[in-house]
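Have a look at the structure below before the remarks.
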Amino acid sequence: MTSLWSRVEPLLARVRKPARYIGCEDGAIEPRHGQGKVAWLLAYPDVYEVGLPNQGLQILYEILNERPDAVAERTYAPWVDLEALMRERGIPLFSVDAHRAAGDFDVIAFNLSAELVYTNVLNMLDLGGIPVHTARREPSDPVVVVGGHAAFNPEPLADFIDAAVLGEGEEVVGEINDVVRAWKASGRTSREGLWRELARIPGVYVPSLYDVVYEGERTVSVTPRFADVPATVTKRTISDLAQWDYPRRPLAPLTEVVHDRLAVEVFRGCTRGCRFCQAGMITRPVRERPAEQVRTMITRGLERTGYNEVSLTSLSTADFSGIEDVVSSIVPDPTACGAPTVSLPSLRVDAFTVGLAAKVASGRRSGLTFAPEAGTWRLRTVINKLITEADLYGAVESAFANGWSRTKLYFLTGLPTETDDDTRGIAELAAGCVAIGKKYTSRASVTVSLGGFVPKAHTPFQWFGQNGVDELQRKINLVRGAASRGVQVKWHDPRASLAEGLASRGDRRVGRVIERVWRNGGTFQEWSEFFDLDRWLDAAAAEGLPVEWFTTRHRTEDEILPWQHLSAGLHRDFLWDDWRAALDEHGLPDCRWTPCYDCGVCTGDGLEHVVASPVPPAGGSQGTGQDLARGGEVPVVVRL
Amino acid sequence: MKVRLAYSKVGKIRFLGHLDMAHLWERAFRKANLGVAVSAGFTPRPKVSFGLALPTAGESLVEVLDVVLDPAPSAERELDDLAPRLSAVMPAGVEVTGAWVAGPQSIQEDVVATTWVLAIDRDAEDTATRVAALVAAPEFWIERERKGERRRDDIRPGIFELRTDFDPSVLPADWRSAVSASALVEAVVTTSGRGVRPTELVDALFPGDEPWNVMSRVIRTHQWIERTDAPCAPFSVRARKELPHEQRIAVG
């Protein structure tokens, strides 16, 4: 149980950004290990700068360390330079807090924000000297748990994890801690005994306790191996965000990270109902934090960390009731060091929101980002991103009028029913935005950022066959060809979208592909310099798994989806009907301010929206009050 | 009021780079509730200027920064109070050792030379021989990068002193014990222009070896301020003596 620091220290002068590995952050908690405590290693399977700001990890770090029977430390994926030196010298994965070896912890809990990091999960286990296969682990090995958005389809990781946690972790970590502590106290008997106990906790899924039968490519059954193992595992949701004012001691890193500012979560969940958006589907219902608590968390957080910038986080932050009051109450509070800057990372597309952003932004107005997601109103009704052209142009007008000279527009391409007219519509919208900007500044420019759409589990689009690499590239080229002067087009590598699709909707057999990619050196697959689709295709071919079957194929209604025994609270019927409604170009309003359409989350879990304002926020239409009764003809048939 | 602060940076925190350290100071002033004047203009920047960049992984007993405090400390006592206030909000390993009202010169203009102590993980006798050889050499050319270009420079004139026999008592006790197995080399090098870096010294002493395999730690012990026009001849003991003691920025 000793610190590895003396072995790590001599290597750090030789690696890039060594501050990644020293801990010592503001808010770091000195770990106090001891008898009767469960030691958690909270792991983020990407590099420190990406992982440190993760709020989920910070929240659990604090909650666990507050418990007398738990202690938590953190680790992040060592960059390739340090990893090579560690492997050369036999130094295992270590925590950044006390530089304790990963194998000395009782639980290793990975936060999965995305799918391409899966190979890093395997790599970190292996680097920690922990068998990557669950079946090979001894009772003395750490319990490997995953959580986070991607854990809603943990099947591709089924062979490598002991358990997956669905949903929010605030309450369930304590319950897991109790089970592991009892298991430790009873002398760590078989792992299966532990699994049985873990599986009794609502929201905890233990893949090893289920038999999955395949016929050809298809999943034909997923059956619990024991009577007391639930047939369906449903996500955990905290009912009242006000009771969880975490992080109370936010981590302020020494070295620059991707989101280098205080983050205060103002609400959780989103019911805008964008059909492509997994986050919006799996985090329902909407639970706002009381405005007063938001203010307190901002004041205390700024004092603690010395930051002078706070980011109000949530999905579609401008939907927070009374956002204007909260924001303006921060701004005219000049401390000795000047008023803090407020950033709203998730801007709604309308002029009101931009006005708000202008009020709180700092002097530098570098760029403003909007996400219309699709190029035509028709396609936006399909994906239920119900912003009109007028909303977008109003937002952009307001941005240029308020001194911004660059705007960035996020679009998805490869969406269900997307025609070439829809795709070219992206360039047309961008041209319209440039024209507006030119009225204000000759430097006006608009960047279009194109992402290839990857369907995700537990969304209405989970049945959709994604576009292949060539088709996505063709659409990207269409936009590039149609882009006028002043429009810059950037795009996400379509090859990465295919690999992401495989990992997102894969079943247990895809785990063998992930393992092969990892064994062939494919770590840091989120990083373009390390991503190589051939590695994935070769691995799938070697395992005899047809990539098209998992990615570009439309699923049928009767098909058993690999994650069907896992529930985000959404009725399957609701998702299917919403998928059909999408194909009919039928928009669905936000249920915060309109009658419930019974998606299943609130009714199933005895939950309610916690929203301070009973009326929709000021601003653009955003699908509220619009005539969404029925769309037009379906121009493209998706064969099911 | 422009205030000059001296601080040390030792231990784990040495792995934090110069730029990150600058950001950390900005946060520290806010945490200590000290107002810092900001520059005028569209993108106001806090008026903090840093002296010589300390290489990442290098330690120091004498780092210096100038900060324009607004409101200014109103009394001597308030100035004396700065050190404990700022030390309390900086991470372990950073300790503010002094604060005084700064003159009009910038730190960069003031400092002409710096003293390093290098912990060399090689045989002590061999190290001493190599040090003597470098001292005796009239010139020493190395290839290094400058503004993105490879070029050959003679670093020998920039090495004012180099020796293995010196009084190590200025070094913190825990630092000395951490490097007890190493040979210690003290070097006084120029900081004008491109300067001479500790890794370049190691490269000159042990050519071909990865410098950080040879040198386990390196710590800056002095920064020298020279306001006379006396030239510093290489290895002139006289030159160092000419650096007036009271103008050393030093601790302990």
Side-chain angles (χ1 to χ4, degrees), chain A residues 3 5-6 8-28 30 48-49 81-82 85 96-99 250 252-257 260-262 300-309 334-341 361-366 403 405, chain B residues 9 11-46 48 55-59 69-71 86 89-94 119 121 178-179 182 198-199 202 210-218:
Chain A
S3 165
W5 176 247
S6 63
V8 173
E9 187 181 26
L11 309 180
L12 293 187
R14 299 170 54 193
V15 301
R16 291 180 58 198
K17 302 189 184 178
R20 288 164 169 167
Y21 311 108
I22 62 174
C24 304
E25 304 90 343
D26 249 331
E30 195 188 329
Y48 180 84
E49 299 92 289
D81 54 356
L82 182 63
L85 293 174
V96 297
D97 296 282
H99 299 92
L254 305 175
T255 184
E256 201 176 349
V257 297
D260 216 354
R261 57 189 76 89
L262 178 69
R300 292 218 182 118
L302 292 174
E303 271 168 21
R304 280 198 71 93
T305 58
Y307 277 129
N308 68 339
E309 185 177 356
T335 65
C337 319
T341 300
S362 62
R364 63 200 138 84
R365 293 209 180 335
S366 46
S405 60
Chain B
K9 182 186 176 192
K12 278 183 184 174
I13 196 74
R14 73 182 185 276
F15 294 112
L16 194 67
H18 187 66
L19 204 63
D20 282 332
M21 195 67 185
H23 290 144
L24 202 55
W25 274 110
E26 285 180 28
R27 284 194 357 229
F29 290 121
R30 286 195 292 262
K31 283 169 75 174
N33 208 21
L34 289 165
V36 176
V38 291
S39 63
F42 199 57
T43 321
R45 302 293 310 156
V48 184
T56 306
E59 292 163 278
L69 291 180
D70 178 20
L86 285 164
V89 293
M90 285 297 278
V94 176
D121 291 347
V179 300
S182 313
T199 46
V202 177
E210 155 68 36
W212 283 109
N213 272 351
V214 177
M215 173 173 67
S216 54
R217 303 278 279 259
V218 58

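In what follows, every chain begins at residue 1, and chains take the letters A, B, ... in the order their sequences are listed.
Interface summary for chain B: among A252(A), G306(A), P253(A), the most heavy-atom pairs under 4.5 angstrom belong to G306(A). The candidate with the highest count of non-hydrogen atom pairs below 4.5 Å against chain A, out of R217(B), R27(B), E210(B), is R27(B). In terms of heavy-atom pairs under 4.5 Å with chain B, the best-connected choice from C24(A), G23(A), A19(A), A13(A) is A13(A).
With sequence neighbours excluded, the residues forming a salt bridge (Lys or Arg N to Asp or Glu O under 4.0 Å) with R14(B) are E9(A), E59(B), listed by chain and number.
Side-chain contact between V89(B) and F29(B) is absent, with no heavy-atom pair separated by less than 4.5 Å. You'll find the side chain of I13(B) reaches within 4.5 Å of the side chain of L254(A), heavy atoms only.
Of the two parts of R20(A), neither the backbone nor the side chain holds a non-hydrogen atom closer than 4.5 Å to a non-hydrogen atom of chain B. Proximity to chain A is absent for every atom of S216(B), based on heavy atoms less than 4.5 angstrom apart.
A salt bridge does not link K31(B) with E303(A): none of the charged nitrogens is closer than 4.0 Å to a carboxylate oxygen.
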Which donor-acceptor pairs under 3.5 Å do side chains of residues 17-26 of chain B form with protein atoms, sequence neighbours excluded?
unit_1: D20(B); atom_1: OD1; unit_2: E256(A); atom_2: N; d: 3.1
unit_1: D20(B); atom_1: OD2; unit_2: T255(A); atom_2: OG1; d: 2.6
unit_1: E26(B); atom_1: OE2; unit_2: R45(B); atom_2: NH2; d: 3.4

